[in-house]
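Here's the structure, in structure tokens; my notes come after.
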Amino acid sequence: MDNNGTYSGQQGGTAWQQPGNGQAYGSQPNNGQAYNGQVYNGQAYNGQAYNGQPYNGQAYNGQPYNGQAYNGQVYNGQPYSGQPYSYPYPPMYQPPKKDGIGKKIGYFFLALSPAVVSLLLQLILSLAYVMIAAVIEMVGYMGQHSGASESVLTQIFYQALQEHMTGGVFFYHLMSLPIFGLWYYFGCKKPKLKQSFKNVTWKAGAIAVLGGVVLCLLSTSIVGIEQYLLPRIVEDYVELIESIDIGADVLSTVAAVCLAPIGEELVCRGLILYYAKKSLPRFFLANILQAAMFGLMHMNWVQGIYAFAIGLFLGYLTERYHSLLPAMLLHFVVNFSTTYWIDKAFFWIPDTFYAYGIMFVVTLALVLLLVLWGGKIPKRGETPERAGQKKL
């Protein structure tokens, strides 16, 4: 203690100097005695931070901590200085920047590209398969009939082309799966298959199966109405279907029922819908675009019109559950039903315009009921389960 009544000494190897209030402390630590009315606990105070020790709800420098007890939190070694204490919070969430008009135009054309690539691949791969198969069959015939005339060989060649058309369709669908699968995986921010399975609830599966049957009936009613409004176009469509003869052999069945639902969903509800949502301001506009491209990919008016209607529901189902799996299941049910049993089950419906009109109204109402049952589409950042809990 000096002449001014100030104590100087060592505490734990740290020099400190505080007003002694006229009391001689000596060279010993305070040992739990009151320091200006506060318990000192044997630590050097000297106007510095509390050395990272918990404050235990006591007043700091004789002042309460912003009117609140400190609740035993460590002060991080910083002096109080009358400022309120706060933990370091992460930076405020910044919403993602909106794409400019140029980028949106780019995404729009990118949304069209999967359909264009699909049509080109279908033409190139199917034609290559059919041509190679026809040449092999013609060469084989020449080996067995060395004296065959050119006209006979030409007939054999064109006959082989006709016979291998279903094989060409199968070859396209088979080869397109890895192409569009990889494009979807790397072009759409690597969607997780595990999460896609997690989003598929029993309700999603039920809507997909029931929706497949209902949409198959809806498409039947549309074709029935078209045959009265557009008879010539429907006749050409029937001839096309009979020439392909879907369901007559294993290759055509596998291509139409198994491979097409996977590949076409990757293209339309996967790639096209993903890029369309980045280009257009509302989901319903993006959904209309992908459904229109789905219809155009069938390359005929009859299928194109009902494919557009089916595509709208498939887009809703994909967005509702953030997964392509329900759409693939529904697509499978539609193609399977169309190929095998729908005509046999509803043969009793009169082949009249009014009957098809009634069927169209009833099935369209059932589709709307399925949408109501499915619920609202989740908002950005919202899970499908949470969206399903909300009322419409």
Side-chain angles (χ1 to χ4, degrees), residues 166 169 203-250 252-258 260-261 264-265 268-269 287-288 291-292 294-317 326-374:
T166 56
V169 174
K203 186 177 179 180
I207 292 174
V209 173
L210 293 175
V213 175
V214 172
L215 288 170
C216 186
L217 291 173
L218 178 67
S219 63
T220 301
S221 67
I222 291 175
V223 175
I225 294 172
E226 287 175 337
Q227 74 180 353
Y228 287 95
L229 300 179
L230 306 168
R232 181 58 185 170
I233 294 177
V234 174
E235 290 177 6
D236 294 339
Y237 165 72
V238 171
E239 292 178 2
L240 175 65
I241 295 300
E242 290 177 351
S243 66
I244 298 175
D245 203 12
I246 296 176
D249 56 30
V250 176
S252 65
T253 301
V254 173
V257 178
C258 300
E264 291 177 358
E265 292 310 309
C268 296
R269 265 59 65 179
N287 198 29
I288 290 174
F294 181 53
L296 290 173
M297 285 171 58
H298 287 80
M299 295 184 292
N300 66 82
W301 281 105
V302 176
Q303 282 183 304
I305 293 173
Y306 70 72
F308 173 76
I310 294 174
L312 290 175
F313 189 85
L314 288 169
Y316 157 77
L317 201 60
M328 290 179 179
L329 176 59
L330 188 149
H331 201 147
F332 166 81
V333 173
V334 169
N335 288 12
F336 179 85
S337 301
T338 303
T339 303
Y340 287 107
W341 67 270
I342 200 72
D343 292 335
K344 301 179 180 65
F346 292 91
F347 69 93
W348 49 268
I349 295 179
D351 189 8
T352 64
F353 179 82
Y354 296 105
Y356 288 123
I358 294 173
M359 181 190 292
F360 174 80
V361 173
V362 172
T363 52
L364 183 60
L366 292 175
V367 169
L368 295 177
L369 287 176
L370 288 174
V371 172
L372 289 174
W373 185 32

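We number each residue from 1, following the sequence as shown.
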Minimum heavy-atom separation for [X] to [Y], with atom names?
| X | Y | result |
| --- | --- | --- |
| Pro326 | Ala204 | CG-CB, 4.3 Å |
| His298 | Asn300 | O-ND2, 2.9 Å |
| Ala355 | Pro350 | CB-O, 3.3 Å |
| Leu366 | Val214 | CB-CG1, 3.8 Å |
| Trp373 | Leu210 | CZ3-CD1, 4.3 Å |
| Met297 | Cys268 | SD-SG, 3.7 Å |

Let me confirm one number: the [atom1]-[atom2] distance from [X] to [Y], rounded to the nearest 0.5 Å.
| X | Y | atom1 | atom2 | answer |
| --- | --- | --- | --- | --- |
| Ile225 | Leu230 | CD1 | CG | 11.0 Å |
| Ile305 | Leu229 | CD1 | CG | 9.0 Å |
| Thr363 | Leu369 | OG1 | CG | 11.5 Å |
| Phe308 | Ser219 | CZ | OG | 15.0 Å |
| Ile207 | Leu330 | CD1 | CG | 10.0 Å |
| Leu329 | Leu314 | CG | CG | 10.5 Å |

Phe346 and Trp341 aromatic ring geometry - parallel, tilted or perpendicular at 30°/60° bounds: tilted
Aromatic rings His331 and Phe294: how do their planes relate, parallel, tilted or perpendicular, breaks at 30° and 60°? perpendicular
Val371/Phe313 under side-chain contact (heavy atoms from CB on, under 4.5 Å): CA gap, chis, key distance, verdict: CA-CA 8 Å; Val371 172; Phe313 189 85; 3.6 Å; yes
Worked verdict on Tyr356 versus Asp351 for side-chain contact (heavy atoms from CB on, under 4.5 Å): CA-CA 7 Å; Tyr356 288 123; Asp351 189 8; 3.0 Å; yes
Salt bridge (charged side-chain N to carboxylate O under 4.0 Å, His left out) contacts in which one or both residues fall within residues 222-236, not counting sequence neighbours: Arg232-Glu235, Arg232-Asp236
Counting only heavy atoms not in Trp301, do more than 12 sit closer than 6.0 Å to its CH2 atom? no
CA sep, side-chain torsions, deciding dist, call: Gln227, Val238, side-chain contact (heavy atoms from CB on, under 4.5 Å): CA-CA 10 Å; Gln227 74 180 353; Val238 171; over 6 Å; no
